[in-house]
Protein chains: 2
Amino acid sequence: MKIQSYDISRTASAATLIFDAIREAIIKGELAQGEPLRQEDIARAFNVSRIPVREALLRLEQHGLITSARYKGAVVAGLSLDEAREIFDFRALLEPEVIRRAVPRMSSQVLDAASQCCEAFGRGDDPMLWGDLNRRFHTTLYAASDLPYHLEVLNKAMDRIDPYLRAQLLLSDGMQRANREHHMIVDACRCGQADMAADLTRQHILGAKESLSRYWQ
Amino acid sequence: MKIQSYDISRTASAATLIFDAIREAIIKGELAQGEPLRQEDIARAFNVSRIPVREALLRLEQHGLITSARYKGAVVAGLSLDEAREIFDFRALLEPEVIRRAVPRMSSQVLDAASQCCEAFGRGDDPMLWGDLNRRFHTTLYAASDLPYHLEVLNKAMDRIDPYLRAQLLLSDGMQRANREHHMIVDACRCGQADMAADLTRQHILGAKESLSRYWQ
DNA sequence: CGAGTGTATATTGTATCCAATATGGGAGTC
DNA sequence: GACTCCCATATTGGATACAATATACACTCG
């Protein structure tokens, strides 16, 4: 008889949980840029010592989500307009290639999952979810690429600008436009038009880049 | 009067020193893949406690240079042939764009520095230095791109396959070929031919990718 | 003799304590 | 009143000690 092995808390250290929690808070914009992250405060909040907190902060720093200075502590990292633009350029370089390679490998399950994200996104029940759905839409399609290294790097880049993208979706026509472009992308994928999907993805990203200055304080 | 501030040991924590040392050892191939890295051993070697060692190991893990499992410890990460190929593809995607953007920004100092690397590389006094010079050649040219995010990501990717590139340089014609291609690249840069430099760079990387299987055990 | 189990040991994860450093405010001086 | 220096306090970096877990080996039992 085979026993289902539950991996609960086997790979998850306290540091990992803290890392995930803070990462999510930063990405969702719950922690504003410049916000100081004091080890003692976080440790109390999670009922642990400062040691795992320091570990989590280190990983956040490696991800570029916080910046820290010796003996001065960590703050939530911000992006200048130039830095944000560069990251969009970076994505505009990677993602078309990733999706081009993913298209011929997409199962119908993947396409359906992406369409579902698309639909839920379009219905727009809950603006708080838009960011999550947007992110999931892209990662779902890209996952088929079988390019783990590209995806790892890409995920870090997406993390870095996610807060700004979420802000963008809340703009007047930000959501409609993203939704329209998502539909076009998933349609191209369904038709197996890899180059088309790549080009649409590139435009989708560069369009977001151009919109950046519109809401940059 | 302005005082030159020497940042020695102001930003360098024990963890940073350990990280740098181990990173270099891995990149240079002094630590073979699969080699276990025990916290206690490293701590003794550097005369510190395990705390800064753990910090260094965490950063190494984020860089992909080691892999670690809870309660099992860390080992030097290896690459499968497929993974190595993917990283070359990744570089082949990024570096042409980086150098294309760098060419119009290259000062004569940068070009001269790159040429110097090239020459020293070509003289081939010391095979042990080839890897360093090769790396410095590329980073020197790329530094002019003014794309800090791209460079950061790129450096990690280069770190990841550096040991394999060093092995490649030691192959029969590995060094000659790299040297020839480096000269062509720097010449294109000197002439301000950004597209040419980008294309040469791309071929340079894809050529290295193709050679991979030749020395893959 | 082999499979499974219990235990000893090694190793990592975390807590607690001390050291080093930055920051802010107050005393003193001009 | 403004500036400088100095020190108290807060906060992070590191060391030591303890807890949790994996691994290897001996042992039992079929």
Side-chain angles (χ1 to χ4, degrees), chain A residues 1-3 5-23 26 31-77, chain B residues 1-3 5-23 26 31-77:
Chain A
M1 170 187 176
K2 182 135 183 227
I3 303 282
S5 75
Y6 293 101
D7 253 344
I8 309 238
S9 91
R10 282 179 61 89
T11 57
S13 63
T16 303
L17 297 175
I18 297 170
F19 168 81
D20 288 340
I22 299 181
R23 170 183 166 275
I26 293 177
L31 285 173
Q33 77 177 68
E35 185 96 3
L37 298 170
R38 276 185 232 305
Q39 301 176 1
E40 186 67 37
D41 295 347
I42 300 170
R44 261 200 307 274
F46 286 88
N47 269 317
V48 294
S49 78
R50 277 168 45 220
I51 298 287
V53 173
R54 288 172 55 172
E55 239 185 80
L57 292 181
L58 266 169
R59 292 172 59 182
L60 289 165
E61 190 183 2
Q62 296 299 307
H63 276 250
L65 293 177
I66 68 175
T67 61
S68 72
R70 194 164 151 83
Y71 291 116
K72 291 180 69 175
V75 298
V76 176
Chain B
M1 172 183 176
K2 183 141 183 221
I3 303 281
S5 76
Y6 292 101
D7 257 341
I8 309 238
S9 94
R10 282 179 62 89
T11 56
S13 63
T16 303
L17 297 174
I18 297 169
F19 169 81
D20 288 339
I22 299 181
R23 170 183 167 275
I26 294 177
L31 286 173
Q33 76 176 69
E35 184 96 3
L37 298 170
R38 276 185 233 307
Q39 301 176 0
E40 186 66 38
D41 296 347
I42 300 170
R44 260 199 308 275
F46 285 89
N47 270 313
V48 294
S49 78
R50 277 169 46 222
I51 298 288
V53 173
R54 289 170 58 94
E55 237 184 83
L57 292 180
L58 266 170
R59 292 172 59 183
L60 288 165
E61 189 182 4
Q62 296 298 310
H63 277 249
L65 293 177
I66 68 174
T67 61
S68 72
R70 192 164 150 84
Y71 292 117
K72 292 180 68 177
V75 298
V76 176

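Each chain gets a letter, A, B and so on, in the order its sequence line appears, and its residues count up from 1.
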Check: the helix from C:dC1-D:dG30 to C:dC30-D:dG1: angle between its terminal axes, five pairs each, to 10°?
Finding: 10°

Looking at [atom1] of [X] and [atom2] of [Y], how far apart are the two atoms once the value is rounded to the nearest 0.5 Å?
| X | Y | atom1 | atom2 | answer |
| --- | --- | --- | --- | --- |
| A:Glu55 | B:Glu55 | CD | CD | 9.5 Å |
| B:Arg54 | B:Gln39 | CZ | CD | 5.0 Å |
| B:Ile22 | B:Leu37 | CD1 | CG | 6.0 Å |
| B:Leu57 | B:Arg38 | CG | CZ | 12.0 Å |
| B:His63 | B:Ile26 | NE2 | CD1 | 11.0 Å |

Margin query: My understanding is that only residues two or more places apart in sequence, or in another chain, count here; which of them pass salt bridge (charged side-chain N to carboxylate O under 4.0 Å, His left out) with B:Glu61?
Written below: none

Notebook entry, point to check: Under the salt bridge (charged side-chain N to carboxylate O under 4.0 Å, His left out) rule, what pairs show up with a residue in residues 42-52 of chain B, not counting sequence neighbours?
Noted result: B:Glu40-B:Arg44, B:Asp41-B:Arg44

Item checked: Among B:Ile18, B:Ile66, B:Leu31, B:Leu65, the one residue meeting side-chain contact (heavy atoms from CB on, under 4.5 Å) with B:Arg23 -> B:Leu65

Check: Which residues pass the side chain to side chain donor-acceptor pair (under 3.5 Å) test with A:Glu35, sequence neighbours left out?
Finding: none

Considering only nitrogen or oxygen atoms on both sides, find all protein atoms under 3.5 Å from nucleotides 6-8 of chain C and state each distance.
none

Check: In the 5'-to-3' direction, what one-character label does each nucleotide of nucleotides 9-20 of chain D receive under the scheme B = base within less than 4.0 Å of a protein heavy atom, S = sugar-phosphate only, - = no such atom?
Finding: --SBBBBB---B

Note to self: For a 4.5 angstrom cut-off between non-hydrogen side-chain atoms, does A:Thr16 reach B:Arg70?
What the structure shows: no

